[in-house]
Trainee: 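Encoded as structure tokens, here's the structure I'll be asking about.
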Amino acid sequence: MKLVIAEKPSVAQSLAKVIGANKRCDGYLEGGGYLVSWCVGHLVELSAPERYDERFAKWRLQDLPILPEKWLYEVSPGTKKQYQILKKLMERSDVESLVCATDAGREGELIFRLVYNQARCKKPFERLWISSMEDMAIREGFEKLKPETEYDALYEAALCRERADWIVGMNATRLFSCLYGQTLAVGRVMTPTLAMVVMRDAQIAAFKPEPFWTVQLKAGDLTLSSRRYSTKNDAETVLQECETAGEIMIEAVDTKEKMEKPPLLYDLTSLQRDANRILGFTAQQTLDHTQNLYEKKLVTYPRTDSRYLTDDMREMLPDLIAAVAGKFKYSGSALRTEPARPASIFNSSKVTDHHAIIPTKTMAESDFSELSLGEMAVLQLISARLLCAAAEDYRYAESTIKVSCGTEEFTKKGRTDLQLGWKGIWLQFYPEKKNEEDVIGQVPGKGTRLTIESAKVNEGKTSPPKHFTEDTLLSAMETAGADEIPVEAERKGLGTPATRAATIEKLVQRGFMERKGDRKTKHLIATDKGNSLVTVMPEQIQSASMTAEWEQKLLAIEHGEYDAADFMDGIAGMIAGLVANYEKVKGAETLMSRNRVIGTCPHCGAEVLEKQKGWFCSNRECRFILWKDNAYFTKIGKRLTPQIVEKLLKDGRARLKDCKSQKTGKTYNADILLTTEADGRPQFSLEFPDAKGGSK
């Protein structure tokens with residue numbers, strides 16, 4: 001009998017169905033020579049500092065740094081029942097071996113191994129390593145189970161990541177919290193990410209726009225703009241010359257044929273970026289939707305950092321492309337379906353754990369009616385990218401037209417489409433993304449004279465850098481520290497594709513950043529609390545390049561190319577040096593004591609202030625409090641954010657999307673209404689404006 005341990009109940013059920021474990025038992029399934037059970041996230045976690053010594057229960061500077069010699073683990077309080085089920089299954093006399101079937105990545109490996117070790121299990125185990133939840137992939141995975149030893153280095157890297165985060169988080173959080181008299185959560189990846197946002201906001205605040213003027217002419221089909229002038233008089237002088245001349249002459253026309261190759265397939269980060277830019281989804285929403293699609297067997301494994309397929313997938317790709325194109329009713333001629341093409345999709349050397357995210361053949365035969373709107377939007381995005389990646393090049397002619405008017409030269413650039421190729425497929429899915437601004441019709445020949453139909457001076461101002469969106473912040477996280485890391489390095493940046501979304505969400509949830517703007521152009525802006533935190537952080541804690549270097553070392557540990565003990569010694573040494581040498585920033589307490597006013601109390605009309613654990617009415621007689629860890633919002637699968645609070649305080653209601661039913665697990669949209677009791681305590685209720693917004 002083999003015991004198969006998956007990461008989630010839904011995954012366990014899919015595995016059990018394929019291998020014939022159809023008998024339902026308490027916490028597991030049985031049949032076909034298998035027992036199939038599951039974890040529920042991290043069943044086993046690192047112990048808190050007080051487990052090492054009771055004196056660590058209080059936060060004191062003299063106790064730092066806390067650097068365990070022997071690491072202690074314990075079962076998470078909320079998952080003890082499932083842990084006990086797994087432990088008893090491991091101890092069964094008829095269980096001869098185990099199969100690790102948690103998610104095929106660093107965290108999945110850690111989840112299984114910690115449970116295995118905590119239960120003191122000594123039985124042999126093998127590794128199920130698959131990139132798709134399709135029945136065929138599961139069946140093949142069980143036929144080709146991997147030896148446990150192949151993933152020992154992956155487990156070492158996972159342990160180092162977990163323990164490094166514990167050392168940095170526990171020590172730095174206690175250090176700065178004790179020094180500044182309030183809880184300041186510090187994270188190895190979280191703080192450098194916040195620092196990038198704070199620095200961008202500071203650049204924008206310090207930016208001083210400078211005015212400039214241009215001359216715009218319209219002649220025939222051409223609209224031309226001059227270079228920028230620093231004074232209005234200079235622009236008006238040129239305008240007068242052009243009005244006097246009354247015509248322009250084409251001095252030169254330079255036309256070159258160019259092409260854009262099809263885009264690469266999606267890894268998780270590039271998918272999250274496009275989903276934010278095109279659909280307005282947060283990185284976490286995109287990951288959640290893609291994970292759901294994976295578990296429904298509609299796309300391949302989401303937490304990948306590769307944008308390529310392996311060479312042995314050449315033969316299956318044509319059928320998959322045809323199936324996806326048929327499902328989305330695309331029949332254009334731009335697709336390339338020969339097994340050998342497009343060569344740019346295949347590169348086994350650039351696939352480590354998992355290949356790029358693509359739709360599955362199961363998707364082409366599935367019924368989309370059960371998908372949420374978010375899941376459907378992400379599935380379409382992944383499908384469109386596959387078809388584009390397998391399409392002809394986009395070819396166009398780019399023309400540069402030089403025009404003289406009086407003594408001034410004007411330049412106009414434009415393009416003429418020659419072969420839409422992959423871009424034609426993209427525009428069929430997303431027609432609103434068509435850009436007509438630089439398209440020109442027939443280009444006039446050299447020496448042609450055209451009458452000026454209109455001329456004017458336009459005033460403009462230089463623009464500051466733009467605030468981060470999730471799209472651009474993910475890009476910045478991905479490339480952070482790239483200058484300090486060799487070009488041949490396999491992964492750069494802050495965090496991994498699997499953790500970046502969670503990092504952004506933590507910063508928002510803890511009040512260090514907030515989202516501002518409409519749904520599709522939401523910016524990420526540091527709060528006063530976030531600015532204050534970065535102000536007191538030393539360089540080594542907020543340095544993106546240092547954290548990116550750590551991430552690179554973790555990857556080297558995965559590959560057996562770097563010693564785990566050396567990595568941990570480096571982390572411990574850095575923290576010990578920080579504790580010994582950090583000097584308190586003068587005047588920081590005043591800066592950090594400010595509480596942001598977020599709105600007006602709906603009960604008594606006083607100001608509502610944002611503090612560490614929630615939003616409090618400034619009137620001490622009033623009992624109006626909105627806790628950040630809000631039970632009502634947790635129940636519907638949401639978190640209370642500053643944006644929602646502002647909306648509730650202003651309008652008494654806020655629109656929530658993708659709430660989750662605890663009973664069915666399905667999502668729905670609703671309005672949440674805020675009222676108060678007689679003493680000011682808040683009350684919530686849901687309202688469904690129309691049938692489409694109800695449970696699905």
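Keep in mind the model is a prediction, meaning the values are calculated, not measured.
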Trainee: Looking at Glu109 and Arg113, is there a salt bridge between them, counting it only when a charged N and a carboxylate O are closer than 4.0 Å?
Mentor: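 Salt bridge present between Arg113 and Glu109.
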Trainee: Please find the pair of heavy atoms, one from Leu379 and one from Phe368, that lie closest to each other, and give the distance.
Mentor: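 Heavy-atom minimum between the residues: CD2-CE2, 3.6 Å.
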Trainee: When the aromatic ring centroids of His603 and Phe624 are compared, is their separation below 6.0 Å?
Mentor: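 They do not qualify: ring centres at least 6.0 Å apart.
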Trainee: Find the distance between OH (Tyr116) and CD1 (Ile5) and round it off to the nearest 0.5 Å.
Mentor: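 The distance works out to 10.0 Å.
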Trainee: When you measure from the centre of the six-membered ring of Phe633, is the NZ or CZ of Lys638 under 6.0 Å away and within 45° of the axis?
Mentor: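 No, cation not above the ring by the 6.0 Å, 45° rule.
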Trainee: Are there over 12 heavy-atom neighbours, none belonging to Glu370, within less than 6.0 Å of that residue's CD?
Mentor: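 Result for CD/Glu370: open.
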Trainee: Should we count CE of Met199 as having more than 12 external heavy atoms under 6.0 Å?
Mentor: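 Open.
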Trainee: Relative to the ring of Trp71, is the ring of Trp166 parallel (under 30°), tilted (30 to 60°) or perpendicular (over 60°)?
Mentor: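 Taking Trp71 first and then Trp166, their aromatic rings stand perpendicular (interplane angle over 60°).
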Trainee: Determine whether the aromatic ring centres of His523 and Phe468 lie less than 6.0 Å apart.
Mentor: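 No, they do not, as the ring centres are separated by 6.0 Å or more.
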Trainee: Report the residue from Arg161, Arg500, Arg106 that forms a salt bridge (Lys or Arg N to Asp or Glu O under 4.0 Å) with Glu551.
Mentor: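 Going through Arg161, Arg500, Arg106 one by one, the salt bridge (Lys or Arg N to Asp or Glu O under 4.0 Å) with Glu551 is satisfied by Arg106 alone.
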Trainee: How long is the straight-line distance from CZ of Arg623 back to SG of Cys604, given to the nearest 0.5 Å?
Mentor: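 Going from SG on Cys604 over to CZ on Arg623, the span is 13.5 Å.
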Trainee: Can you name the residues that form a side chain to side chain donor-acceptor pair (under 3.5 Å) with Lys81, not counting sequence neighbours?
Mentor: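 Counting only residues at least two positions away or on another chain, Lys81 forms no side chain to side chain donor-acceptor pair (under 3.5 Å).
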Trainee: In residues 188-196, what donor-acceptor pairs under 3.5 Å come from side-chain atoms, sequence neighbours left out?
Mentor:
{"from": "Arg188", "atom 1": "NE", "to": "Asp165", "atom 2": "OD1", "distance (Å)": "2.5"}
{"from": "Arg188", "atom 1": "NH2", "to": "Asp165", "atom 2": "OD1", "distance (Å)": "3.3"}
{"from": "Thr191", "atom 1": "OG1", "to": "Gly187", "atom 2": "N", "distance (Å)": "3.1"}
{"from": "Thr191", "atom 1": "OG1", "to": "Gly187", "atom 2": "O", "distance (Å)": "3.1"}
{"from": "Thr193", "atom 1": "OG1", "to": "Val189", "atom 2": "O", "distance (Å)": "2.9"}

Trainee: Donor-acceptor pair, Thr676 side chain versus Pro602 backbone, under 3.5 Å?
Mentor: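 A pair under 3.5 Å: no.
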Trainee: In Å and rounded to the nearest 0.5 Å, what is the OG to OH distance from Ser372 to Tyr668?
Mentor: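 Rounded to the nearest 0.5 Å, the OG-OH separation comes out at 13.5 Å.
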Trainee: Count the heavy atoms of every other residue, nucleotide or ligand shown that sit under 6.0 Å from CZ of Arg55, and state whether that count exceeds 12.
Mentor: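 It does: Arg55 CZ has more than 12 such atoms within range.
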Trainee: First locate atom CG of Asp63, then atom CG of Asp53, and finally report the distance between them rounded to the nearest 0.5 Å.
Mentor: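 Going from CG on Asp63 over to CG on Asp53, the span is 7.5 Å.
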Trainee: For the CZ atom of Phe112 and the OH atom of Tyr155, what is their distance to the nearest 0.5 Å?
Mentor: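 Answer rounded to 0.5 Å: 10.5 Å.
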Trainee: Roughly how far, to the nearest 0.5 Å, is CG of Leu648 from CG of Leu673?
Mentor: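 Reported value, rounded in 0.5 Å steps: 8.5 Å.
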Trainee: Is Arg639 salt-bridged to Glu505, cutoff N-O under 4.0 Å?
Mentor: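 Looking at Arg639 and Glu505, the cut-off is not met.
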Trainee: Lys647: which residues meet the salt bridge (charged side-chain N to carboxylate O under 4.0 Å, His left out) condition with it, sequence neighbours left out?
Mentor: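 With neighbours one apart ignored, the set is Asp651.
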Trainee: Which atom names give the shortest non-hydrogen contact between Leu271 and Val378, and what distance separates them?
Mentor: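 Minimum heavy-atom separation between Leu271 and Val378: CD2-CG1, 4.4 Å.
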Trainee: Report yes or no: does Glu74 contribute a side-chain atom to a donor-acceptor pair with the main-chain N or O of Ser47 at less than 3.5 Å?
Mentor: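 Side chain of Glu74 to backbone of Ser47: no pair is present.
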